[in-house]
Amino acid sequence: LGPSHMPADQSGDTYGIVYIYKPKPGYEVYRISAHSNVRTVLSFIAAHPQTGGNPAYNHQALAVTPSFLVVPEQPVAIANGFNWTQIRDGWVPDGKTYFHVLDKQTGKQLATYEAPPFFTWHHANAWENLTHVVVDLTWYPNTDSINLFIDPSSYPARHFTGKLMRVTMPNPHGSASTAVTLTPLGTDEYSSYEFFVPNNDDVALRATRYYWGLCSKSGVWNALVKVDTVKNSTISWAPQESDWVMDPPMFVPAQRNQDPASDAGWVLVLCVAPEGNHLVILDAAKLSELATIKLPVTALATMGLHNYFSGFPTSV
């Protein structure tokens, strides 16, 4: 078993983890080379005892920066065999969330940092500087959001009542501190923040100012929000049609190697509607609608496009 998402860096190398149960519970961290397609095991991380002899559930494997791999270990057990009810009920409310920081090239474990308990589905971005490593992710106080998969007929955003959170931890090469800080990003005007994408396609390399994601006021994902992490402010866009439900957005930058403080470009969002589906193209800076394309396909499942746009590779 392994997580649902495996990140790739600018080179095209892919990173992931596998849950290990015997002889010792933990996580096998690996890299798949973009050039040779060879899978190399980099490290084994032993599971914390708080999950009762099982590894911890992890939806998005790990976060990647230029120098580090950051493996989050949240207080929720996953038994050997995949069952959403079991995972939800495996929540350890008095546990901790641990961030294991590994050398990206060698897999050497450099540090483990402790944070209060929380649950996360998706990472938005990660980067480093000389003193800190930062991971922006969606944050939940517990595993209640898993109820969506236990009762698929319910409205997704009624369960996904998360926040966009910045987790800042020391750079193990530049600080002797072990303190981890959690800082909410954006405002509480909207609920159900999820599926955030950053404002550059070098998603594993640079700090970003802006994020685009889904939000809601009514229990369904029917609005798009843009978060300015410098001003800690938000603006939003919603279709005029009240019965349209939105898939996660994708940001397409206006140019390659764009300034990470720039929001120039376009946001693409799939809107699912009873009469058909539409691809809406928005100006990323203003969230103003530029075009709506009716797609020649019938209803598609929501959450189908929670991916990054990438300019890589440039040829096939």
Side-chain angles (χ1 to χ4, degrees), residues 4-5 59-60 118-125 135-141 144-149 151-166 184-199 203 208-229 232-252 263 265-274 277-290 292-293 295 299-309:
S4 298
H5 303 285
H59 189 70
Q60 193 167 333
F118 68 86
F119 182 76
T120 182
W121 286 104
H122 299 103
H123 309 156
N125 198 14
V135 181
D136 289 344
L137 45 73
T138 52
W139 174 98
Y140 298 82
D144 285 355
S145 57
I146 291 177
N147 285 325
L148 166 65
F149 300 100
D151 179 17
S153 65
S154 59
Y155 289 124
R158 290 181 180 172
H159 299 301
F160 277 63
T161 54
K163 297 181 179 180
L164 181 61
M165 189 72 69
R166 173 161 293 171
L185 301 175
T187 65
D188 291 330
E189 177 184 1
Y190 292 90
S191 64
S192 308
Y193 283 173
E194 250 304 340
F195 303 115
F196 282 89
V197 292
N199 65 310
V203 295
T208 57
R209 176 171 178 173
Y210 300 102
Y211 290 107
W212 293 264
L214 295 184
C215 62
S216 172
K217 280 188 173 180
S218 61
V220 297
W221 279 310
N222 56 4
L224 185 71
V225 65
K226 174 189 175 187
V227 177
D228 184 332
T229 65
N232 210 32
S233 60
T234 59
I235 61 172
S236 64
W237 173 86
Q240 295 181 352
E241 294 77 6
S242 60
D243 58 352
W244 284 19
V245 178
M246 303 174 71
D247 245 28
M250 298 178 69
F251 172 74
V252 180
D263 54 4
W266 305 272
V267 173
L268 280 60
V269 60
L270 177 67
C271 292
V272 180
N277 298 282
H278 302 79
L279 180 66
V280 180
I281 303 173
L282 305 166
D283 178 281
K286 302 176 182 178
L287 288 191
S288 56
E289 188 174 335
L290 301 176
T292 298
I293 304 169
L295 303 176
L300 299 172
T302 57
M303 296 190 289
L305 290 177
H306 54 298
N307 300 289
Y308 293 115
F309 167 82

Geometric class of the His278/Trp244 ring pair [parallel <30°, tilted 30-60°, perpendicular >60°]: parallel
Atom of Leu268, atom of Val252 and distance for their closest heavy-atom approach: CD1-CG2, 4.0 Å
Shortest non-hydrogen contact between Gly186 and Thr234, atoms and distance: CA-CG2, 3.8 Å
Considering all heavy atoms, the nearest Val227-Leu185 contact: CG1-C, 4.2 Å
Trp139 side chain to Phe118 backbone, donor-acceptor under 3.5 Å: no
Exam field: side chain Ser233 to backbone Asp228, donor-acceptor pair closer than 3.5 Å: no
Which atom of Asn125 lies closest to which atom of Tyr211, heavy atoms considered: CB-OH, 3.2 Å
Closest non-hydrogen atom pair, Val280 against Cys271: CG2-SG, 3.8 Å
Test side-chain contact (heavy atoms from CB on, under 4.5 Å) applied to Trp237 and Met246, Lys226, Lys286, the passing residue: Met246
Asp144 CG to Phe119 CZ distance, which is reported to the nearest 0.5 Å: 10.5 Å
Plane angle bin for Trp121 and Phe149 - parallel if under 30°, tilted between 30 and 60°, otherwise perpendicular: tilted
Closest non-hydrogen atom pair, Ala284 against Asp263: CB-O, 3.4 Å
